[in-house]
Each structure stands twice: as C-alpha cells, then as structure tokens.
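Below is one structure; the comments refer to it alone.
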Amino acid sequence: MSRLPVLLLLQLLVRPGLQAPMTQTTSLKTSWVNCSNMIDEIITHLKQPPLPLLDFNNLNGEDQDILMENNLRRPNLEAFNRAVKSLQNASAIESILKNLLPCLPLATAAPTRHPIRIKDGDWNEFRRKLTFYLKTLENAQAQQTTLSLTIF
C-alpha cells in the first residue's frame, strides 16, 4: 500500500486551516491567489490620497506583536471590521474585509491577549495598522503555500 494517501491525510490534519473553502476543482495555489488579490485590492484602497505624512511601518512593538500573533488573526480582523464602520469613504475596504475571513487560518490556541485597538474614525491609524496586518498575513500565507507545495 502506498504511503502517499496517509501522508496527504496527515498533512491535512496538521496544517492550520486554509485560507478559503476549497472545492474539488480548486487548488491550494488558486485559493491563495483569491486571498492575495483581496489583500492587494485593500492595500490599493489604503494608498489612495490623501496620504498622511506618517510612516505606515512605524508601529510600536506591542502593536506589531499583536498584529503578527497567529492566534489573534481572526480577532484582529474583527477589530478592523468594527473600526472600518467609523470611517468615511471606506465602504470598498469594508466589503473586502468581510470576505477576508476564510483566508485566515484557524487559531491553534486561545489568544493570550486582546486584539488590536484602533481609534474610531482615525483613518491614519486604521490605514497604518491594517497595512501592517495585511502584509503580515500575506507573508505568512506565502510561507504556508510554499511549505504545502514542497510537501506534495
């Protein structure tokens, strides 16, 4: 008997949740492309004028840790979904954020701290934190995809 089916099953059991629901005709790479496209679209909206003079990558260490923590990805997305409602002219971002949830892996443990805090109506803070969050998510998913493809 071949070990390949057992290895594939084992990989599915060990791997954190994939980014999007998969059908028999979609592959891991195709579903990640959809998530990546959503992330790129949000980042495009975030870069539209008026741009502040702030450095988008200039977040304090605690905020960076919160945004990078695997077990806080879903709670952080919920925080961004709440915060976007307080912003003007952010309906395009809001609709994409709602569809981003399937792109996030399931948490492997309960979060040990609170999700990110975003001041209501503060477009600059929202933009800076969401950009960092999306880049972190994109990097993590790219690593997961590379790892999954090398196993096959």
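Residue numbers count from 1 along this sequence.
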Which distance, rounded to the nearest 0.5 Å, do you find between the [atom1] of [X] and the [atom2] of [Y]?
{"X": "Asp65", "Y": "Leu59", "atom1": "CG", "atom2": "CG", "answer": "10.5 Å"}
{"X": "Leu72", "Y": "Ile66", "atom1": "CG", "atom2": "CD1", "answer": "7.0 Å"}
{"X": "Ile96", "Y": "Ser91", "atom1": "CD1", "atom2": "OG", "answer": "9.5 Å"}
{"X": "Leu97", "Y": "His45", "atom1": "CG", "atom2": "NE2", "answer": "10.5 Å"}

Taking all non-hydrogen atoms of both residues, which atom of [X] and which atom of [Y] are closest, and how far apart?
{"X": "Pro111", "Y": "Asn71", "answer": "CG-O, 3.3 Å"}
{"X": "Arg117", "Y": "Lys129", "answer": "O-NZ, 2.6 Å"}
{"X": "Ile39", "Y": "Leu134", "answer": "CG2-CB, 3.9 Å"}
{"X": "Leu137", "Y": "Arg73", "answer": "CD1-CD, 4.1 Å"}

Check whether any side-chain heavy atom of [X] sits under 4.5 Å from a side-chain heavy atom of [Y], and report yes or no.
{"X": "Glu78", "Y": "Pro115", "result": "no"}
{"X": "Asp63", "Y": "Arg128", "result": "no"}
{"X": "Thr108", "Y": "Asn70", "result": "no"}
{"X": "Asn81", "Y": "Leu101", "result": "no"}
{"X": "Leu106", "Y": "Arg74", "result": "yes"}
{"X": "Leu130", "Y": "Val84", "result": "no"}
{"X": "Asn76", "Y": "Glu69", "result": "no"}

Salt-bridge present (Arg113, Glu62; N to O < 4.0 Å): no

Got a sec: does the CG of Asn89 have more than 12 other heavy atoms crowding it under 6.0 Å? no

Derivation and outcome, side-chain contact (heavy atoms from CB on, under 4.5 Å), residues Thr131 and Lys47: CA-CA 9 Å; Thr131 300; Lys47 289 182 178 178; over 6 Å; no

Residue pair Leu87, Glu94: steps toward the side-chain contact (heavy atoms from CB on, under 4.5 Å) verdict: CA-CA 10 Å; Leu87 301 171; Glu94 183 177 5; over 6 Å; no

Measure up the Phe80 and Tyr133 rings against each other and bin them: parallel (under 30°), tilted (30 to 60°), perpendicular (over 60°).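 If you compare the ring of Phe80 with that of Tyr133, the planes turn out tilted.
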
